[in-house]
There are 2 protein chains.
Amino acid sequence: MNDTKERLIRTGEEMFRRQGYAGSGLKQLVAEAQAPWGSLYHFFPQGKAQLGEEVLAYAAQLYAAGWDRIFAAFPDPVEAVRRAFRAEVKTLETSGFAHGCPIASVTLDIASTVEGLRLSCAAAFQTWIEAIARGLLKGGVPEQAAPDLAVFILSSLEGAIVLSRAARSTRALKQTGAFVELAVAAALER
Amino acid sequence: MNDTKERLIRTGEEMFRRQGYAGSGLKQLVAEAQAPWGSLYHFFPQGKAQLGEEVLAYAAQLYAAGWDRIFAAFPDPVEAVRRAFRAEVKTLETSGFAHGCPIASVTLDIASTVEGLRLSCAAAFQTWIEAIARGLLKGGVPEQAAPDLAVFILSSLEGAIVLSRAARSTRALKQTGAFVELAVAAALER
């Protein structure tokens, strides 16, 4: 991928995490990406929504790979989930609570107004759910339970990130993660 | 409260639920509220952030009362949580997936950029956590478990709303709710 295009996408992803879709102005994006203004419409001739879709596709793959890595390193699903929640704690702490989830932020801005982006958000969540379900299955969660459990894990994590960002405290992530671990252990019949 | 002011706040709340804070333009707000443009700066002389804070305070009380009503009608915490998730399913279905959570939407837009609103979001979540914890406690959840369990319930519900709005399907709410019910039953040692 062209360097400038990649920089625009990476910067867009950072901005969506921090301030959502509607609040991410293109002037700020171009300035933060240190890209010429014309490059935006060169690479994304259909404008902001096209950039948005490419950012969401990039984020979908990036974090799906993260889930795959966690389950590869920690095949025990309880440990994998513990590490996933801990990783979010660290991400929020080291970013001053700025690095939330770009898909959640964009969803709440555009789910009812920009159908193309809504579909990209749905696809991203689905990719993550499948990555989590794969990891759970490999770790011994019964096949009929893994997809539902994966949705529950992702929902709980996403909501806990919202509460933690509002409070500027990782407490909600830690409190929520403890119950999610118990749920995973129960699914493994421990 | 003055009728026009109340209409601006109620309309603001609906808009935040649907399209977040950054995406809620004041011109659209005034048009939807059928209020004169000047009324906005008459009632909210400090502008959009002031309106936002009043909308968030209104939403905080509105949904806290909702939690109180659910626990009053269904003192069994498992049943109360089931009803809360079901109520969200119905809200999303009847609104065409437009009526999300105004606090979550605003949090993801402004947590890193508008400190006054971030504090209002934190206060709203805290009010709800306390309402849920009160209900759990009355329903027999041990005192040391109720606050953490309340945070977990709210996190899971908030995240499931995000996933459901992205997918335009209430499936995530139903899948997540089932696991949350199990967690509440476990806390009751059932």
Side-chain angles (χ1 to χ4, degrees), chain A residues 17-24 95-98 100-101 103-113 118-119 121-126 129 147-169 171-173 175-180 182-183 186-187, chain B residues 17-24 95-98 100-101 103-113 118-119 121-126 129 147-169 171-173 175-180 182-183 186-187:
Chain A
R17 296 178 83 176
R18 193 167 69 227
Q19 60 206 57
Y21 178 78
S24 292
S95 68
F97 294 90
C101 170
I103 309 296
S105 299
V106 175
T107 295
L108 297 191
D109 274 349
I110 56 72
S112 301
T113 52
R118 200 270 303 164
L119 289 167
C121 289
F125 282 137
Q126 190 54 38
I129 289 163
D148 287 1
L149 186 61
V151 168
F152 160 74
I153 292 167
L154 184 59
S155 290
S156 304
L157 181 64
E158 290 286 354
I161 293 171
V162 178
L163 267 63
S164 288
R165 288 189 71 205
R168 287 186 75 84
S169 157
R171 214 163 151 240
L173 266 169
Q175 291 166 305
T176 300
F179 283 100
V180 176
L182 288 175
Chain B
R17 295 178 82 176
R18 196 167 64 227
Q19 59 207 59
Y21 178 78
S24 292
S95 68
F97 294 90
C101 170
I103 308 298
S105 298
V106 175
T107 295
L108 297 192
D109 273 350
I110 56 71
S112 301
T113 52
R118 201 268 306 164
L119 289 167
C121 289
F125 283 137
Q126 190 53 38
I129 289 163
D148 288 0
L149 187 60
V151 169
F152 160 74
I153 292 168
L154 184 59
S155 290
S156 303
L157 182 64
E158 291 285 355
I161 293 172
V162 179
L163 268 61
S164 288
R165 287 190 72 206
R168 288 187 75 84
S169 157
R171 212 160 154 242
L173 266 168
Q175 291 165 305
T176 301
F179 283 99
V180 177
L182 289 175

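It should be emphasised that the depicted structure is a prediction, and the values quoted were computed from it without experimental measurement. Proteins get letters first, then strands, A, B, ... in listed order; numbering begins at 1 in each.
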Under 4.5 Å, counting heavy-atom pairs only, tell me which of A:A187, A:G96, A:A104 racks up the most with chain B.
-> A:A104

Would you mind checking which part of B:S105 comes under 4.5 Å of any heavy atom in chain A, side chain (CB onward), backbone (N, CA, C, O), both or neither?
-> both

Who passes salt bridge (Lys or Arg N to Asp or Glu O under 4.0 Å) against B:R18, sequence neighbours left out?
-> B:E32

Heavy-atom contact with chain B under 4.5 Å, split by part of A:L149 | both

Side chain to side chain donor-acceptor pair (under 3.5 Å), paired with A:S112, selected from B:Q19, B:R165, B:R17 | B:R165

Point-to-point distance, once rounded to the nearest 0.5 Å, from CG of B:L182 to CG of A:L182 | 11.5 Å

In terms of heavy-atom contacts, B:A166 and A:A122 come closest through O-CB, 3.3 Å

So which of B:G23, B:A186, B:A111 has the biggest tally of heavy-atom pairs under 4.5 Å with chain A?
-> B:A111

Do you know which of A:G177, A:A167, A:S24 has the most heavy-atom pairs with chain B at a distance under 4.5 angstrom?
-> A:A167

Is chain B contacted by the side chain of A:R168, its backbone, both, or neither, given a heavy-atom distance below 4.5 Å?
-> both

Answer with side chain, backbone, both or neither: which region of B:F97 has an atom nearer than 4.5 Å to a non-hydrogen atom of chain A?
-> backbone

Separation of B:T107 OG1 from A:L163 CG (nearest 0.5 Å) | 8.0 Å

Show the numbers, then the answer: is there a side chain to side chain contact (heavy atoms under 4.5 Å, CB included) between A:F179 and B:V180?
-> CA-CA 9 Å; A:F179 283 100; B:V180 177; over 6 Å; no

What pairs meet the side-chain hydrogen bond (donor to acceptor under 3.5 Å, both in side chains) rule with one or both residues in residues 153-162 of chain B, with sequence neighbours excluded?
-> A:S156-B:S156, A:T176-B:S155

